[in-house]
Peer 1: 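Here it is, the structure, as structure tokens.
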Amino acid sequence: MNTLPKNHLILLVIIILLGAFLRLDNLEHTSFQSHVIGDLELSEKILDGTYFPLSGLISGRHSEGVQQTFGPLFSYMLAIPLFIKDSYIFAVGFVAVLNILAVIIAYKFTAEFFDKRTALITAAFYATNPWAIFFSDIMTNAFVVPFFSILFIYSLFKFAIKKQDIYIIPAIILSALMLQLHLGTLLLAILLFLTILLFRRDLNIKYFALGILAGVATLVPYLYYNLMRGTIFAVLKHATLPITVETQTLVLEAAGIPALLATNYFGKYILGTAQLFENILVNHYFIAISVVIVGLLIFSGLYVFVNLRKDKYKLFLLWLILPTIFFILLGKNVSPHFFIILYPAQFILLGLILSKLYEKAKFASVLLILVLILSNVAVITSFYSVVARDGGTNGIFHGTYSAREEVAEFILKDVQNKNIVIYGFEEGPNNAYRYLLEKNNRTIEYRQIVNIEEMTTGYFIDDKYMITARYLTDKEKEAGRYTEFRNIGVLRVIS
């Protein structure tokens, strides 16, 4: 590898450090939801030696769920940080570090197959993109995918574009590993097949066979578990998505979500009713910035299209459009995280067009890049400021770890050595609070009630971020001592 110019290297180090800071600075304000509790407890059982899962991840992480992945890799991965330190925040940091490494690998990939300036711009947008940071700071199986997917794409380009046959081996292995992390990575397995079909039908059979053997070996736990039960295709049940949408909406989502994930626009999906900025003009400014980014993506897409005579652009375009085409043909809507397999393609698009602009108008392009990057930083910084203040959002983010831990610590201090009795309107306790209380070696007794008058001695957690819950009315709050923590209230009743 050629030595990087000093200024280039300094900028790269700054970008990586900035990306690391933005991902690691607010880990205590990560989302803390029921499904991550299931992942935590499963990995803790692995460390305790009481359970070694072989099946794919189970929806809801309970026995009635269906398998979501082709193996238990994520559970064993999560056991690594928990072995080092028994801490949820440390485990979230592990996911964040994998995503920081993804930024570095993305730079290396882009520099090798495009150019160093494009790579630097790509890394800058990847490091600071609010969506990429949001995904990095949540401990769930889908959000470790970018680390593996960029390694996969790197190997795929080495195999297909540079004709280095040996790279088919890591490409197949990485594809098999990703199938254990999230069902959306099945599209990357399809991309691998199409790449062989369209670009490398002359591949070395020896390397291909070795790759297949190694890939199948990684899937042995899933294959063994399901062959013994006759449920080898069980995971495909999860692929039957429940909601059919109108064609217009479907096309808009399938084409729009990949572009959205390159912008700084969160919207109601994550924020709910929260506002990042009180001034409406400031909010409109950031919407305008998102429009600019989408415009750049469109122009860059045209640039890729006119360069399709080169195989690297053909393969790049195939990677970029495959998820959109697939989900349109599927006829079902999906969540934004299904498109995480595209990272960092959108940022490479931005790098390509802004690098070309730099050649024509150096000052204007540098100014535009700075404005866009600083806008990214402002949005993600404001987001964490809002969730730190409010304890979460009533969008998909829900409640933060810090807010729910504060509630659990209040109950533990208040109850002292007495039994912990939790009341609620739901069938079972909120897993977040159950987990936090039990981690302190306390047993909780949960009692379901219909009316608040049924409470005797105990606590009712009035969490505004439990989306399906019924919250207490002002009159019901008067049944005992009501203490509020950042939109999460605790009603204590003493009989």
Side-chain angles (χ1 to χ4, degrees), residues 1-19 99-129 131-132 146 149-158 160-162 258-259 261-264 289 292-321 341-377:
M1 180 178 176
N2 296 330
T3 303
L4 293 174
K6 183 178 180 180
N7 290 342
H8 186 100
L9 182 60
I10 291 172
L11 284 174
L12 179 59
V13 171
I14 290 173
I15 287 167
I16 293 170
L17 290 177
L18 177 60
N99 280 272
I100 295 164
L101 293 174
V103 174
I104 298 171
I105 299 167
Y107 169 83
K108 179 73 168 58
F109 164 75
T110 311
E112 182 170 338
F113 286 95
F114 297 95
D115 61 77
K116 292 183 177 66
R117 184 167 61 226
T118 298
L120 193 65
I121 299 170
T122 296
F125 280 99
Y126 196 2
T128 61
N129 176 262
W131 282 94
S149 62
I150 185 57
L151 286 173
F152 167 80
I153 291 297
Y154 205 159
S155 300
L156 195 66
F157 270 70
K158 286 271 197 181
I161 306 305
K162 294 204 168 182
L261 296 184
T263 72
N264 56 42
I289 290 294
V292 170
I293 291 174
V294 172
L296 290 171
L297 291 172
I298 292 171
F299 280 112
S300 189
L302 293 173
Y303 173 79
V304 170
F305 185 77
V306 299
N307 283 279
L308 286 181
R309 64 185 181 277
K310 299 179 181 179
D311 281 350
K312 68 178 180 181
Y313 286 106
K314 291 176 185 175
L315 182 54
F316 179 75
L317 183 63
L318 183 62
W319 171 31
L320 194 62
I321 66 173
I341 58 172
L342 286 176
Y343 276 172
Q346 302 98 314
F347 309 121
I348 295 173
L349 280 176
L350 292 174
L352 286 169
I353 194 64
L354 288 167
S355 181
K356 290 300 174 184
L357 179 61
Y358 183 89
E359 295 174 1
K360 304 294 183 182
K362 182 176 180 180
F363 177 79
S365 62
V366 170
L367 181 61
L368 178 57
I369 291 169
L370 284 175
V371 169
L372 296 177
I373 295 300
L374 290 174
S375 297
N376 279 348
V377 174

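Note that the numbering runs from 1 along the sequence shown for the chain.
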Peer 1: Quick test of your reading: applying side-chain hydrogen bond (donor to acceptor under 3.5 Å, both in side chains), list the pairs with at least one residue in residues 364-373, sequence neighbours left out, ordered by first then second residue.
Peer 2: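 Counting only pairs at least two positions apart or across chains, no side-chain hydrogen bond (donor to acceptor under 3.5 Å, both in side chains) contact touches residues 364-373.
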
Peer 1: Please give me the minimum heavy-atom distance between Leu320 and Ala345, naming the atom from each residue.
Peer 2: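 Taking Leu320 first and Ala345 second, the nearest heavy atoms are CD1-CB, 3.6 Å.
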
Peer 1: Ignoring hydrogens, what is the shortest heavy-atom contact between Asp115 and Ser355? Give both atom names and the distance.
Peer 2: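 For Asp115 versus Ser355, the nearest heavy atoms are OD1-OG, 3.9 Å.
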
Peer 1: Roughly how far, to the nearest 0.5 Å, is OH of Tyr358 from CZ of Phe363?
Peer 2: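 Phe363 atom CZ to Tyr358 atom OH measures 12.5 Å (nearest 0.5 Å).
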
Peer 1: Would you check if Gln346 and Phe125 make a side-chain contact, meaning some heavy-atom pair closer than 4.5 Å?
Peer 2: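 Answer no - side chains too far apart.
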
Peer 1: Just verifying a value: how many Å separate Tyr313 OH and Phe316 CZ, rounded to the nearest 0.5 Å?
Peer 2: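 With rounding to 0.5 Å, OH (Tyr313) is 9.0 Å from CZ (Phe316).
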
Peer 1: Counting C-beta onward and ignoring hydrogens, is there a side-chain heavy-atom pair between Val304 and Leu352 closer than 4.5 Å?
Peer 2: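 Result yes, sub-4.5 Å side-chain heavy-atom pair found.
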
Peer 1: side-chain contact (heavy atoms from CB on, under 4.5 Å) with Ile353: which residues, sequence neighbours excluded?
Peer 2: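 Result, side-chain contact (heavy atoms from CB on, under 4.5 Å) vs Ile353: Leu296, Phe299, Ser300.
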
Peer 1: Report yes if the side chains of Lys314 and Asp311 come closer than 4.5 Å at any heavy-atom pair, otherwise no.
Peer 2: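 SC-SC contact between Lys314 and Asp311 confirmed.
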
Peer 1: As an exercise, state the distance from CG of Leu120 to CG of Leu354, rounded to the nearest 0.5 Å.
Peer 2: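 If I round to the nearest 0.5 Å, the distance is 11.5 Å.
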
Peer 1: Do Asn264 side-chain atoms and Asn129 backbone N/O form a donor-acceptor pair below 3.5 Å?
Peer 2: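 No.
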
Peer 1: Looking only at heavy atoms, what is the nearest atom pair of Val294 and Ala259, with distance?
Peer 2: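 That closest heavy-atom pairing would be CG2-CB, 4.5 Å.
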
Peer 1: For the CZ atom of Phe152 and the CH2 atom of Trp319, what is their distance to the nearest 0.5 Å?
Peer 2: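 Separation between the atoms: 10.0 Å.
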
Peer 1: Judged by atom type as modelled, is there a donor-acceptor pair below 3.5 Å linking the side chain of Tyr126 to the main-chain atoms of Gly19?
Peer 2: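 No, because the side chain of Tyr126 does not come within donor-acceptor range (under 3.5 Å) of the backbone of Gly19.
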
Peer 1: Any heavy-atom pair between the side chains of Leu372 and Ile289 that's under 4.5 Å?
Peer 2: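 Yes; the side chains approach each other to less than 4.5 Å.
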
Peer 1: What are the two closest non-hydrogen atoms of Gly351 and Thr118, and how far apart are they?
Peer 2: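 So the minimum-distance heavy-atom pair works out to C-CG2, 3.5 Å.
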
Peer 1: So, taking the atom named CD1 in Ile100 and the one named CG in Leu18, what distance separates them when rounded to the nearest 0.5 Å?
Peer 2: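 Result: 10.5 Å between the selected atoms.
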
Peer 1: Step by step, work out the side chain to side chain contact (heavy atoms under 4.5 Å, CB included) result for Thr122 and Leu350.
Peer 2: CA-CA 7 Å; Thr122 296; Leu350 292 174; over 6 Å; no

Peer 1: Work out which heavy atom in Phe113 is nearest to a heavy atom in Ile161; give both atom names and the distance.
Peer 2: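 Closest heavy-atom pair between Phe113 and Ile161: CE2-CB, 4.0 Å.
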
Peer 1: Looking only at heavy atoms, what is the nearest atom pair of Tyr107 and Ala123, with distance?
Peer 2: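 Closest heavy-atom pair between Tyr107 and Ala123: CB-CB, 4.2 Å.
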
Peer 1: Roughly how far, to the nearest 0.5 Å, is the CD1 atom of Ile293 from the CG atom of Asn376?
Peer 2: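 The CG atom of Asn376 sits 5.5 Å away from the CD1 atom of Ile293.
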
Peer 1: In the structure I gave you, are the side-chain heavy atoms of Glu112 and Phe157 within less than 4.5 Å of one another anywhere?
Peer 2: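 Contact flag for Glu112/Phe157 side chains = no.
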
Peer 1: Angle between ring planes, Phe347 versus Tyr343, binned at 30° and 60°: parallel, tilted or perpendicular?
Peer 2: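 Ring orientation of Phe347 relative to Tyr343: tilted.
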
